[in-house]
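Just so it is clear, the structure is predicted and the values come from calculations on it, not from any experiment. Every chain is numbered from 1, with letters handed out A, B, ... down the list of sequences.
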There are 2 protein chains.
Amino acid sequence: MPEGRTGQGYGGESLLFLTDEQLRQGIEAMFFAYRGFTADPDRILAELAYGRAHHRAIHFINRSPGTTVNNLLSILGVTKQSLNRVLRTLIGDGLVISKVGELDKRERHLFLTEQGQALEATLSDAQRARMRAAYKDAGPEAVQGFKTVLEAMMDADMRRAYAKLRD
Amino acid sequence: MPEGRTGQGYGGESLLFLTDEQLRQGIEAMFFAYRGFTADPDRILAELAYGRAHHRAIHFINRSPGTTVNNLLSILGVTKQSLNRVLRTLIGDGLVISKVGELDKRERHLFLTEQGQALEATLSDAQRARMRAAYKDAGPEAVQGFKTVLEAMMDADMRRAYAKLRD
DNA sequence: CTTGGAATGTCAACAAGGCTGACATAAACT
DNA sequence: AGTTTATGTCAGCCTTGTTGACATTCCAAG
């Protein structure tokens, strides 16, 4: 088989001969873009002595108020011990409240306080601003392609979690 | 101004009214996709007691053999001290060699050994396989859009580093 | 030519946030 | 009631980021 030319299929005029070089460019684009993706919230978080882990927790609690710790775990893909440390500080700082479940008292349901919502909005605004600028730059068809490829890149269980959030 | 509807411009039939909801979906897609993106190499690295940091170093040394530590730093966006720890173990394990610069003896030029190249290939193959599958799934126009949006998402200096690697 | 500052890389110590293990409590199932 | 299962918490370790201190080399000004 010819070197540096793997994969098959042909997509009309736009080639779908995927050379290793093309794939590597995609890999590097992903690497650099992710840095940009997190840069703005990271700056804000650093001033507050929080990290990316706090951001993720806040994001998904905002997204699904009342979600349980266990639920959050499966979305974030970390261990409960790891998440717990983050939640403890957020609760201690009054950004999140944890309510014992009424139906099942083992569960803790998580909510953002007003203060938590304020931080979420600040972080979200910064991240959305960059996203919006990128989308505008690239145009609508590019955005569609962007999402399609990202979704194809996920593992099955992540794709499920992602789809579930869209509902 | 109307709630949840920011940004402007209209892209023909494909809307470019970017609701906060649409942007949030993009953000979440990025989050989940990045996990998939790193999952395969991570599994391989874990068995070898290496981490993502080692992977990144190996990747870019392979990409630009003879690059200097300083050069690598600016690409990776970490401190030299952080990179140094990783390089030390890679050199100690015989995956990388560091040659004192002939012209400027302060510099160290980095190369992969055969063993280093072998690991790079293993990691690369795994990551490319997923990338290739995603590309095939999504189709050529989607791939173009994917790259366009990612590039628009980078900071200016990352975009420069990225472009430089394409050369 | 020498001397002081800039560039480059190394070593040490610390912090954030992953991880596993041990454990408490509540629910569920014989 | 007693065992098993689910959920959450506490303690301690490891990777990988950080800053600070320092050695070496280069270069330019005196």
Side-chain angles (χ1 to χ4, degrees), chain A residues 31 34-35 38-39 41-61 66-93 96-111, chain B residues 31 34-35 38-39 41-61 66-93 96-111:
Chain A
F31 171 67
Y34 198 77
R35 281 243 298 280
T38 57
D42 280 357
R43 258 189 296 276
I44 297 168
L45 290 158
E47 292 178 8
L48 303 171
Y50 290 135
R52 233 174 257 180
H54 301 85
H55 184 191
R56 292 196 281 262
I58 288 175
H59 175 99
F60 286 108
I61 293 172
T67 188
T68 62
V69 172
N70 215 23
N71 200 334
L72 205 47
L73 284 183
S74 61
I75 290 174
L76 295 176
V78 297
T79 58
K80 58 184 178 175
Q81 295 91 330
S82 191
L83 175 59
N84 185 255
R85 188 184 324 106
V86 169
L87 284 179
R88 214 185 313 160
T89 73
L90 289 175
I91 292 169
D93 294 353
V96 168
I97 44 178
S98 144
K99 289 185 180 169
V100 173
E102 295 185 354
L103 217 128
D104 185 335
K105 288 184 201 155
R106 291 173 303 181
E107 296 179 342
R108 302 294 131 90
H109 298 274
L110 303 168
F111 302 86
Chain B
F31 170 68
Y34 199 77
R35 281 240 300 278
T38 57
D42 280 358
R43 258 189 295 276
I44 297 168
L45 289 159
E47 292 179 8
L48 302 171
Y50 289 135
R52 232 174 259 182
H54 301 85
H55 183 192
R56 291 197 281 262
I58 288 174
H59 175 100
F60 286 108
I61 293 173
T67 188
T68 63
V69 172
N70 214 22
N71 200 336
L72 205 49
L73 285 182
S74 61
I75 290 174
L76 295 176
V78 298
T79 59
K80 57 184 177 175
Q81 295 91 330
S82 190
L83 175 58
N84 186 253
R85 190 187 319 108
V86 168
L87 284 179
R88 214 185 314 160
T89 72
L90 290 175
I91 291 170
D93 293 353
V96 169
I97 44 177
S98 144
K99 289 186 182 170
V100 173
E102 294 186 355
L103 217 126
D104 186 336
K105 287 183 201 155
R106 292 173 303 184
E107 296 179 340
R108 300 295 131 93
H109 298 275
L110 303 168
F111 302 86

How far does CZ of Arg56(A) sit from CG of Leu72(A), to the nearest 0.5 angstrom?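 CG of Leu72(A) is found 11.0 Å from CZ of Arg56(A).
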Side-chain polar contacts of residues 80-89 of chain B - donor-acceptor pairs under 3.5 angstrom, sequence neighbours left out - could you list them?
from     : atom 1 : to       : atom 2 : distance (Å)
Asn84(B) : OD1    : Arg88(B) : NH2    : 3.4
Thr89(B) : OG1    : His54(B) : NE2    : 3.3
Thr89(B) : OG1    : Val86(B) : O      : 2.9

With respect to the phosphate group of dG8(D), does any side-chain polar atom (N or O) of Asn84(A) fall under 4.0 Å of OP1 or OP2?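 For dG8(D), neither OP1 nor OP2 has a side-chain N or O of Asn84(A) closer than 4.0 Å.
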Go through the structure and list residues passing side-chain contact (heavy atoms from CB on, under 4.5 Å) with Ser98(A), not counting sequence neighbours.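 side-chain contact (heavy atoms from CB on, under 4.5 Å) list for Ser98(A), sorted by chain: Ile91(A), Arg108(A), Leu110(A).
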Smallest separation among heavy atoms of Ala57(B) and Leu90(B), with atom names: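 Distance-wise, the nearest heavy atoms are CB-CD1, 4.2 Å.
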Length of the [atom1]-[atom2] vector between [X] and [N], whole Å:
X	N	atom1	atom2	value
Arg88(A)	dC10(D)	CZ	C1'	7 Å
Asn71(B)	dA7(C)	CG	C1'	14 Å
Lys99(A)	dG8(D)	NZ	C1'	19 Å
His55(A)	dG18(C)	NE2	C1'	19 Å
Leu72(B)	dT8(C)	CG	P	14 Å
Asn70(A)	dA27(C)	CG	P	15 Å
Leu73(B)	dT10(C)	CG	C1'	12 Å
Leu90(B)	dG9(C)	CG	C1'	16 Å

Please list, chain by chain and in numerical order, all residues satisfying ring-ring contact (aromatic ring centres under 6.0 Å, His included) with Phe60(B), sequence neighbours excluded.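 With sequence neighbours excluded, Phe60(B) shows a ring-ring contact (aromatic ring centres under 6.0 Å, His included) to Phe31(A), given in chain and number order.
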Test ring-ring contact (aromatic ring centres under 6.0 Å, His included) applied to His55(A) - qualifying residues, sequence neighbours left out: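 ring-ring contact (aromatic ring centres under 6.0 Å, His included) check on His55(A) returns nothing, list empty.
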Do any pairs count as a side chain to side chain donor-acceptor pair (under 3.5 Å) and have a residue in residues 44-53 of chain B, sequence neighbours left out, and if so which ones?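 Counting only pairs at least two positions apart or across chains, the side chain to side chain donor-acceptor pair (under 3.5 Å) contacts touching residues 44-53 of chain B are Thr38(B)-Arg52(B), Asp42(B)-Arg52(B), Tyr50(B)-Asp93(B).
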Counting primed atoms plus P, OP1 and OP2 as sugar-phosphate and everything else as base, spell out the protein contacts along nucleotides 16-23 of chain D at 4.0 Å heavy-atom distance: B, S or - for each nucleotide, 5' to 3'. BBBBB---
Return the set of residues passing salt bridge (charged side-chain N to carboxylate O under 4.0 Å, His left out) with Arg35(A) (not counting sequence neighbours), or none when no residue passes.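 Once residues adjacent in sequence are excluded, Arg35(A) has no partner under the salt bridge (charged side-chain N to carboxylate O under 4.0 Å, His left out) criterion.
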If you take any heavy atom closer than 4.0 Å to DNA chain C, which residues from residues 101-111 of chain B end up in contact?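 Going residue by residue through residues 101-111 of chain B, the ones with a heavy atom under 4.0 Å of DNA chain C turn out to be Arg106(B), Glu107(B), Arg108(B).
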By side-chain hydrogen bond (donor to acceptor under 3.5 Å, both in side chains), which residues pair with Asn70(B), not counting sequence neighbours?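 Result, side-chain hydrogen bond (donor to acceptor under 3.5 Å, both in side chains) vs Asn70(B): none returned.
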